[in-house]
Amino acid sequence: MQFRKKDNFYVVTYITGPTHNYLALEFSKDIYNDKVSVVKLGEKDSLIIETKLLDTVKSGVNEANKDFNADFRIQTIQYVSDDTPKYDIYKQLAYSIIERIITQDEYDAII
C-alpha cells in the first residue's frame, strides 16, 4: 500500500498484479454532517456499485474509529472508475487511512 496526502484528502493505493484500488477520503469537522459524497475519478464505465462502496468504506472507518477510540466522519470518497470491485479491500484501505492518521506514520508523498 502507498499512502499520500493530497490537499484535504488522505489517499491510499493498493496494487497487486492485475488488480488495483485507489481510495481517497476527505473528513468532515462538522459533527452534524452525515452526508457523504462519492466521486468517481476517470471517464471509464465502472463495475463498482457506489452504494456498496459507501457502505463498505463506512464500515472500515467505523471499525477503525472503534479500535482507535476516534471519531472520523467521512465527507467525500473518491475512487477510480476502472478499479477492481473488491469491496473487502476498500474496507481495509479505509481502516488503514485512519490507522495511518492515528499512528502518525509518514506518507509516501504529500502533494
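This chain uses plain numbering: 1 for the first residue, then up along the sequence. The structure presented is a predicted model; accordingly, all values stated were derived computationally and were not measured.
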>> Assess the residue pair K35 and Q75 against the criterion (side chain to side chain contact (heavy atoms under 4.5 Å, CB included)); give the C-alpha distance rounded to whole Å, side-chain angles, the decisive distance to 0.1 Å, and a yes or no.
In response: CA-CA 7 Å; K35 180 169 174 32; Q75 179 173 318; over 6 Å; no

> What distance do L54 atom CG and I48 atom CD1 have between them, rounded to the nearest 0.5 Å?
Replying inline: 13.0 Å

>> Let me confirm one number: the CG-OG distance from L41 to S81, rounded to the nearest 0.5 Å.
In response: 8.0 Å

> Should the heavy atoms of other residues, nucleotides or ligands under 6.0 Å from CG of N69 be counted, would the total exceed 12?
Replying inline: no

>> For H20, is there any backbone N or O sitting under 3.5 Å from a side-chain donor or acceptor partner on T84?
In response: yes

>> Among I74, V57, I102, L25, exactly one meets side-chain contact (heavy atoms from CB on, under 4.5 Å) together with I97. Which residue is that?
In response: L25

> Does CZ belonging to F27 count more than 12 external heavy atoms closer than 6.0 Å?
Replying inline: yes

> Any side-chain heavy atom of Y10 sitting closer than 4.5 Å to one from R100?
Replying inline: no

> Distance from I89 atom CD1 to T16 atom OG1, nearest 0.5 Å?
Replying inline: 7.0 Å

> Honestly curious: do V38 and I49 fall in one hydrophobic cluster under the side-chain, below-4.5 Å linking rule?
Replying inline: yes

> Can a donor-acceptor pair be found between the side chains of Y87 and D55 at a distance below 3.5 Å?
Replying inline: no

> Any donor-acceptor pair under 3.5 Å linking the side chain of K6 with the backbone of N8?
Replying inline: no

>> Before you tell me yes or no, could you show the steps for R4 and F9 under side chain to side chain contact (heavy atoms under 4.5 Å, CB included), namely the whole-Å CA-CA distance, both residues' side-chain angles and the distance that decides it to 0.1 Å?
In response: CA-CA 8 Å; R4 292 177 289 160; F9 285 89; over 6 Å; no

> Going from CD on Q92 to OH on Y14, what distance comes out if it is rounded to the nearest 0.5 angstrom?
Replying inline: 6.0 Å

> More than 12 foreign heavy atoms under 6.0 Å from CG of D88: is that the case here?
Replying inline: yes

> Could you give the distance from CZ (R73) to OG (S28), rounded to the nearest 0.5 Å?
Replying inline: 7.0 Å

> So L23 and V11, side chain to side chain contact (heavy atoms under 4.5 Å, CB included) or not? Walk me through it.
Replying inline: CA-CA 6 Å; L23 180 65; V11 181; over 6 Å; no

> Just wondering, are more than 12 heavy atoms of other shown residues or ligands nearer than 6.0 Å to NZ in K40?
Replying inline: yes

>> Before we go on, tell me: are the rings of Y95 and Y90 under 6.0 Å apart, centre to centre?
In response: no

> With a 4.5 Å heavy-atom cut-off, do I77 and L53 have their side chains touching?
Replying inline: yes

>> To the closest 0.5 Å, what do you measure between CZ (F72) and CG (N65)?
In response: 7.0 Å

> Between the side chains of Y79 and N21, does any donor sit under 3.5 Å from an acceptor?
Replying inline: no

